[in-house]
Protein chains: 2
Amino acid sequence: MASIKDVAAAAGVSVATVSRALNGHPSVSADARARVMEAVDALGYRPNAVARSLRTDQTHTLGLVISDVLNPYFTELARSVEEEARALGYSVIIGNADERPELQDHHVRTLLDRRIDGLLVSPTDGGSPLMLDAARAGTPMVFVDRWIPGVDVPVVRADGQTAVRDLVAHLCRLGHRRLAIIAGPAATTTGSERVEAFRAALAEYGLPLPDVYIGQGDFQAESGRRVTEGFLDLPQPPEVVFAADNLMALGALDAVRARGLRVPDDIALAAFDDIPWFVHTDPPVTAIAQPTGELGRAAVRALVDRIEGRTPRSVTLPARLVVRRSCGETHVPSQPPAPPTQSPSPVQRSTS
Amino acid sequence: MASIKDVAAAAGVSVATVSRALNGHPSVSADARARVMEAVDALGYRPNAVARSLRTDQTHTLGLVISDVLNPYFTELARSVEEEARALGYSVIIGNADERPELQDHHVRTLLDRRIDGLLVSPTDGGSPLMLDAARAGTPMVFVDRWIPGVDVPVVRADGQTAVRDLVAHLCRLGHRRLAIIAGPAATTTGSERVEAFRAALAEYGLPLPDVYIGQGDFQAESGRRVTEGFLDLPQPPEVVFAADNLMALGALDAVRARGLRVPDDIALAAFDDIPWFVHTDPPVTAIAQPTGELGRAAVRALVDRIEGRTPRSVTLPARLVVRRSCGETHVPSQPPAPPTQSPSPVQRSTS
DNA sequence: CTGAAAGCGCTTACAG
DNA sequence: CTGAAAGCGCTTACAG
């Protein structure tokens, strides 16, 4: 590959002048600039980004460590992150943790070794020493979706509390009383927060959340299937299963179907995260939708602010309930049960 | 960040010795090695991969340019690519072309600038000058899924011909006669090959594929919806729509539902690419499954062979038909219509 | 077994 | 406006 020396020789100038011409430095004569550009074209020269990075100590690259590429939520997040980053002049390198803390650390380490300018992460655990060290050492960092309490890093995420309360209101209105949840790992914020939001909402309706109705999943499909089978084996199975993410809902559908049961007749289902397929499942799945694209863009803006010396802001955006048919048919009840303390916020009713 | 100089100073050796110790060079005394390791731990030193790459002229990084991250097929491909690469000691940087040739070129250029060791690509078009130049210039390269004819680059892909013939046999057996296809861009191999395979299979059954039954899509959901609407508006709409990928099938489902029609009663649907959600759609979708994980792994092995001086091999793996209910209920016909020339190969019948 | 030195391909003060 | 030179952090022949 042609190097800057070859271009300099071909253009009859020094490498310094080539560098300046290519970087749009004003103090280059029109003549020199033209000769450089000509040589660049003739040689098909492309600057070596590795050399440039070593010299300037910046890579114009962001690292993004997502929890699971097979999860459409993270895939959509990754897409919006890349788009916004590109618009701001950054590339992004994606690492897939596959919900495994050690794989997450592998990617964080690799990314740090490559001297990425900043790190966007959705932690799969409560904070490994590596991640904590990086944050403390001042690596520009932003948490997205999931975060680690007690670490001084901006957080961009959705707040699902209101939407979860709306969901519980919807379920109660349909007459359900035995509600269960498939939780994510307790070490993740989304793993514990969604259970707590669910528990709090149930409490408003005077409903308990017994331990047997809290199934421990890992945000991947197989765990959703396993937990749902456990629920179905209970002497008194729940009437509703709320999956804390879309992949565990997929697993739940697998389990229900494998027993020859039907949603919602035999058991109702709802999910955190909305995805396009939920419109076409049998039945369409009631879900809590996050403003995924906006989260990705806000996270990039916060990280780039941090990198470029501005003050980054944490952002929390609301999630919202999308009612479909997987919890039973909705009909206007003569006497809607109002929660004791707060009335539910407006709910989007899907046209599907 | 601590550099190799800091480590050398702390350990009381030269940077050369630190480098050798870290790279497991045999000619380093046990004593020196121990002092280096101690200094490394104390300083939390991590070698700068940028500097190392500049010096060694290798990045141990593979570039992967996929057509669309929102497509679960490519997402699964990306996952298997990353896994196999990691096992072989390589990182991978993913670029999402979003089915746009100019965005594909942007990523190829960025990846080349970063001096990745090799490039895995699933081209969104028939070959841009940039891609062609890179191949000709000797950049280690492998095409996966889609490829560019006339370029001397190994290809790893699935052959869907047999599966498409099985699909057509299945459709004929169900009594369908007016079959349509939502095609991908003609400039892509999968865009044109799938249409040709479909046309050839129909010919075996003496069935035509009129131009009005070939809808031009772009492999993304919206185009599937648009094309399907066009089909439904025809004076004589097709009885079956075969979507050339899973996202266009999603769009087709959207269109059918928007009209208040039902699959398969009003119109049947089949798709190229199988994804987990097809088991749970209403109705479950008959699809052609690719050995996606194996394709990703084989592509990485071919590329690494090429990079490390061995001779890479092209690989073609068979796809297979998975029958579900979206084309109508299957029942054993008294007189199965056999194709004139060849009998269909065994078909996997899904349990779902 | 070890160190001094060159060099990978850039950028950028410094001097003219 | 331009060039010579230093230096980013490594690796690796070369000499001892």
Side-chain angles (χ1 to χ4, degrees), chain A residues 1-40 43-61 89 91 109-117, chain B residues 1-40 43-61 89 91 109-117:
Chain A
M1 263 205 127
S3 84
I4 196 172
K5 277 190 196 166
D6 302 311
V7 177
V13 297
S14 71
V15 296
T17 297
V18 174
S19 176
R20 290 192 193 98
L22 257 23
N23 291 304
H25 197 286
S27 69
V28 177
S29 69
D31 175 58
R33 188 180 306 275
R35 299 223 306 282
V36 166
M37 294 313 174
E38 200 178 336
V40 163
L43 296 170
Y45 171 72
R46 292 248 87 212
N48 182 329
V50 174
R52 187 201 300 248
S53 291
L54 178 60
R55 179 54 228 241
T56 62
D57 201 33
Q58 43 184 11
T59 51
H60 277 283
T61 302
S91 300
R109 197 171 294 116
T110 306
L111 259 8
L112 257 20
D113 287 354
R114 286 160 176 283
R115 302 300 193 263
I116 43 122
D117 292 344
Chain B
M1 263 207 125
S3 84
I4 197 172
K5 276 189 198 168
D6 302 311
V7 176
V13 297
S14 71
V15 296
T17 297
V18 174
S19 176
R20 290 192 193 100
L22 257 25
N23 291 305
H25 197 285
S27 72
V28 177
S29 67
D31 176 56
R33 189 180 305 274
R35 297 220 308 281
V36 167
M37 294 314 175
E38 200 178 337
V40 164
L43 297 169
Y45 171 71
R46 291 248 88 213
N48 182 328
V50 174
R52 186 201 301 248
S53 291
L54 178 60
R55 178 54 227 243
T56 62
D57 201 33
Q58 42 184 12
T59 51
H60 277 284
T61 302
S91 300
R109 196 171 295 116
T110 306
L111 259 6
L112 257 21
D113 287 354
R114 285 162 176 281
R115 301 303 194 261
I116 44 124
D117 293 343

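Proteins come first, then strands; the chains are lettered A, B, ... in the order of their sequence lines, and each starts at number 1.
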Sugar-phosphate, base or nothing in reach of B:N23, heavy atoms under 4.0 Å: sugar-phosphate

Nearest-angstrom distance from the residue atom CE of A:M1 to P of C:dC8: 17 Å

Watson-Crick or G-U counterpart of D:dT2, or none if no pair lies under 3.5 Å: C:dA15

5' precedence on DNA chain C between B:V15 and B:L54 (nearest-nucleotide basis): B:V15

Length of the line joining A:R33:CZ and D:dT2:C1', which is rounded to integer Å: 13 Å

Sugar-phosphate, base or nothing in reach of B:A49, heavy atoms under 4.0 Å: nothing

Atom-pair distance (CZ on B:R55; P on D:dT12), nearest Å: 6 Å

Closest to side chain of A:S27, choosing from D:dT11, C:dC10, D:dT2: D:dT2

From B:D117 atom CG to B:T61 atom OG1, the distance as rounded to the nearest 0.5 Å: 6.5 Å

Note, B:T59 side chain near B:R114 side chain (heavy atom, < 4.5 Å): no

Length of the line joining A:L22:CG and C:dT12:P, which is rounded to integer Å: 13 Å

Heavy-atom side-chain contact between B:R33 and B:V36 under 4.5 Å: no

Rounded distance (Å) that lies between atom P of C:dC10 and atom NZ of A:K5: 10 Å

Side chain of B:T56 (C-beta onward), nearest among D:dT11, C:dT2, D:dC8: D:dT11

Sugar-phosphate, base or nothing in reach of A:T17, heavy atoms under 4.0 Å: sugar-phosphate

Protein-nucleotide distance (A:D57, atom CG; C:dA13, atom C1'), rounded to Å: 17 Å

Pairing of B:R35 and B:D31 as salt bridge, 4.0 angstrom limit: yes

More than 12 heavy atoms of other groups within 6.0 Å of A:Q58 CD: yes

Spacing between B:H60 atom NE2 and D:dT11 atom P, to the nearest angstrom: 11 Å

Side chain B:R20 and base C:dG3 donor-acceptor under 3.5 Å: yes

Touch class at under 4.0 angstrom, heavy-atom based, for B:S19 against every strand present: base

B:I4 CD1 - C:dG3 C1' separation (whole Å): 13 Å

B:S14 side-chain proximity, nearest of D:dG9, C:dG3, D:dT11: C:dG3

Whichever of A:A51 and A:A16 has its nearest DNA chain C nucleotide further upstream toward 5': A:A51

Touch class at under 4.0 angstrom, heavy-atom based, for A:V13 against every strand present: sugar-phosphate

